[in-house]
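Working notes, structure below.
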Amino acid sequence: MKTAIWLVAVTSLAVVGGGAYLAGAQGVGQQQLHMLFDMAVAEAQRSKPEGSGPIIYYRHPDGLAEYSSKPKKTVDGHDFVPVHESEEVSFTAAGAKFAETSDQTKAAASKAAVTERKVLFYRNPMGLPDTSNVPKKDSMGMDYIPVFEGDQADASTVKVSLGKLQRTGVKTARAELVSIFRKIRIPGTVAWDERLISVVSMRTDAFIDDVANVTTGDRIGKGESLFNFYSKEIATAGAEFAAGKGDLRKSDAGSALRLKNLGVPDEVIRTIAENRQVPTSIEYVSPRNGVVLERMATTGMMAKPGDPLFRIADTSHVWVIADVPEFDLASIQKGVPVAVTVRSLPGQTFEGAVDLIYPEIQQETRTTKVRIELPNPDSTLMANMYADVEIEAGVQKPVVAVPNSAVIDTGDRQMVFIDKGDGRFEPKDVSLGMRGEKQTEITKGIAAGDQVVVAANFLLDAESNLNSALSGMATDEVKP
């Protein structure tokens with residue numbers, strides 16, 4: 001049937017062509033030529049069988065590139081011609097059809113095969129946010145591109161040509177199973193180890209006879225004299241202990257224990273046992289090596305039970321108290337290595353480990369204190385020094401991770417682009433875990449081995465958003 005239509009059209013054009021030649025030879029006017037052409041087109045239309053199926057759209061009766069989704073009239077009052085579902089969609093004028101070459105005929109055949117799929121709408125060929133329900137041309141005469149049923153299921157997928165990939169610098173990398181580590185740099189302060197601080201006090205009423213030449217800040221060794229004292233209760237207990245040593249029928253264990261409970265040093269108890277005599281003034285010695293933090297003892301004072309006379313700190317080990325931001329707590333564990341530097345000691349680095357994470361968040365700063373233990377054999381570090389703390393945070397077990405540049409984080413959405421091959425890239429929503437120096441943990445969304453975009457992914461995101469926006473606009477437009 002189509003062959004018959006083509007034959008009639010060709011014959012009609014031949015008549016028109018012959019008429020045009022005669023008109024030119026005989027001086028026939030331009031109006032007569034238009035009449036001959038209209039007769040040829042009308043003859044071709046009469047020979048063409050009527051289409052079947054519902055009416056898709058209406059086209060201009062003169063074959064112009066003008067269409068309508070509903071009945072319409074031309075400027076000169078002619079009705080637009082309805083185009084049925086069975087009829088072939090064409091965007092060219094009737095006269096141009098007859099001038100097609102063999103290659104164009106092949107393209108038309110391919111186009112006819114494509115039209116078997118249902119066209120949802122037509123989009124702007126330049127990517128502008130403009131769609132149409134019927135075939136259309138833009139301001140430069142370019143045909144709008146048909147979007148078929150099924151193409152919209154993956155509207156956010158981006159298709160990029162090889163040349164454009166090279167120009168935009170799109171690069172990909174593979175998601176891997178790795179252990180993630182990063183350094184957390186935070187401020188800290190040096191403090192004394194609370195477990196190495198001793199308070200010297202009396203357990204009974206005593207008079208301080210003499211205080212050694214020891215002041216606050218002095219270093220003192222274990223066993224060195226601090227002060228001498230006299231206590232009536234201690235003297236009585238010492239006399240009972242000395243008397244009991246000469247009587248084999250009596251045990252002196254009770255008297256010795258009483259002296260020990262009153263705070264009498266072991267050396268003094270042994271001296272009483274050997275000499276069987278209680279000294280008038282007893283010497284009190286330092287219980288540890290360290291620095292005198294406080295001296296409250298003075299000569300001639302009466303010390304009540306529990307009154308602090310000296311505070312001595314052992315400086316062989318110190319603490320560094322650092323403030324960790326709340327969002328970094330999940331990546332810090334007890335025992336992880338720490339490097340500490342002090343601004344007043346340039347070039348020196350002190351190695352330690354996290355000993356304790358305090359179970360409290362500071363409400364004002366939203367930070368948590370962590371305690372780092374450091375050896376300090378030379379007493380180089382002093383209390384209240386400012387320190388720069390570098391903690392090796394991370395997860396020990398391997399996790400799925402991608403390069404940091406692969407993640408697009410908009411605040412309420414985190415996503416990566418998966419390379420599907422052949423220039424196709426698909427956005428994937430992901431859930432993030434720990435962020436390392438170079439890689440980010442992905443807890444949900446992709447698997448190890450997936451190829452992700454690590455460069456120019458923001459350009460792909462813009463293209464994907466445009467495709468989604470066009471899809472949404474088209475969906476709203478085609479709704480009845």
Side-chain angles (χ1 to χ4, degrees), residues 154 156-158 169-188 322-340 351-362 365-372 388-421 424-465 468:
D154 197 14
S156 60
T157 299
V158 180
V170 175
K171 297 180 182 179
T172 61
R174 191 178 301 276
E176 300 176 327
L177 282 173
V178 295
S179 297
I180 298 179
F181 294 95
R182 69 185 179 97
K183 297 182 184 297
I184 298 178
R185 297 174 177 86
I186 51 178
D323 294 321
V324 178
E326 185 177 358
F327 58 82
D328 282 329
L329 282 177
S331 58
I332 296 180
Q333 300 175 358
K334 183 178 179 179
V336 298
V338 178
V340 178
E351 303 292 338
V354 173
D355 179 60
L356 177 67
I357 300 174
Y358 286 76
E360 181 182 8
I361 300 289
Q362 302 296 316
T365 60
R366 307 309 303 171
T367 59
T368 294
K369 293 185 179 299
V370 297
R371 189 175 74 199
I372 299 111
D388 294 319
V389 180
E390 192 175 84
I391 302 177
E392 289 283 352
V395 290
Q396 301 294 332
K397 62 179 182 180
V399 295
V400 178
V402 299
N404 291 338
S405 59
V407 179
I408 299 176
D409 192 346
T410 63
D412 57 350
R413 183 188 183 193
Q414 294 80 37
M415 57 179 290
V416 299
F417 273 91
I418 303 295
D419 186 357
K420 307 297 286 187
R424 293 183 300 111
F425 300 92
E426 179 185 0
K428 280 281 189 180
D429 289 333
V430 294
S431 298
L432 305 182
M434 178 183 171
R435 187 179 183 91
E437 293 287 342
K438 297 181 179 179
Q439 293 178 308
T440 300
E441 178 187 1
I442 306 296
T443 59
K444 183 180 179 182
I446 64 173
D450 288 343
Q451 203 77 8
V452 298
V453 178
V454 297
N457 45 6
F458 283 96
L459 297 177
L460 298 180
D461 184 39
E463 185 76 13
S464 174
N465 291 337
S468 299

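As the structure is a prediction and not an experimental result, all values here were calculated from the model. All residue numbers refer to positions in the sequence shown, counting from 1.
- Contact between Ile332 and Ile357 at its shortest, heavy atoms only, is O-CD1, 3.7 Å.
- One distance of note links NZ of Lys334 with CZ of Arg371; it measures 8.0 Å at 0.5 Å rounding.
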*Could you walk me through whether Leu177 and Val399 pass the side chain to side chain contact (heavy atoms under 4.5 Å, CB included) test, one step at a time?*
CA-CA 5 Å; Leu177 282 173; Val399 295; 5.6 Å; no

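- Take Arg174 and apply the salt bridge (Lys or Arg N to Asp or Glu O under 4.0 Å) test, not counting sequence neighbours, and it matches no residue.
- Under the 4.5 Å side-chain criterion, counting only non-hydrogen atoms from C-beta, Ile418 is in contact with Lys420.
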*Could you walk me through whether Thr365 and Asp323 pass the side chain to side chain contact (heavy atoms under 4.5 Å, CB included) check?*
CA-CA 9 Å; Thr365 60; Asp323 294 321; 5.9 Å; no

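- Across every non-hydrogen atom of Pro325 and Thr367, the tightest pair is CA-CG2, 4.1 Å.
- Partners of Ser431 according to the side chain to side chain donor-acceptor pair (under 3.5 Å) rule, which considers only residues two or more places apart in sequence or in another chain, do not exist here.
- A donor-acceptor pair under 3.5 Å is formed between the side chain of Ser405 and the backbone N or O of Val454.
- Proximity of Val389 to Val370: side-chain heavy atoms (C-beta onward) are nowhere separated by under 4.5 Å.
- Residues Val452 and Ala406 share a closest heavy-atom pair of CG2-CB, 4.0 Å.
- Heavy-atom minimum distance, Ala175 versus Val402: CB-CG1, 3.7 Å.
- Residues Gln414 and Asp409 approach most closely at NE2-OD1, 3.0 Å, considering heavy atoms.
- Atom CG in Asp450 sits 12.0 Å away from atom CD in Glu176 (nearest 0.5 Å).
- Within the 4.5 Å cutoff, the side chain of Glu326 has no heavy atoms near those of the Thr368 side chain.
- Of all non-hydrogen atoms in Thr172 and Gln451, the two that sit nearest each other are OG1-NE2, 3.3 Å.
- Contact annotation: the side chain of Glu360 never approaches that of Lys369 to less than 4.5 Å [non-hydrogen atoms, C-beta and beyond].
- Here the CZ-CD distance, from Arg435 to Glu441, works out to 12.5 Å after rounding to the nearest 0.5 Å.
- Interatomic distance, Glu390 CD to Ile186 CD1, rounded to the nearest 0.5 Å: 10.5 Å.
- One distance of note links CZ of Phe417 with NZ of Lys428; it measures 12.5 Å at 0.5 Å rounding.
- Formation of a donor-acceptor pair under 3.5 Å by the Asn404 side chain with backbone atoms of Thr440 is found in this model.
- Between Asp429 and Arg413 there is a salt bridge, since a side-chain N of the basic residue sits under 4.0 Å from a carboxylate O of the acidic one.
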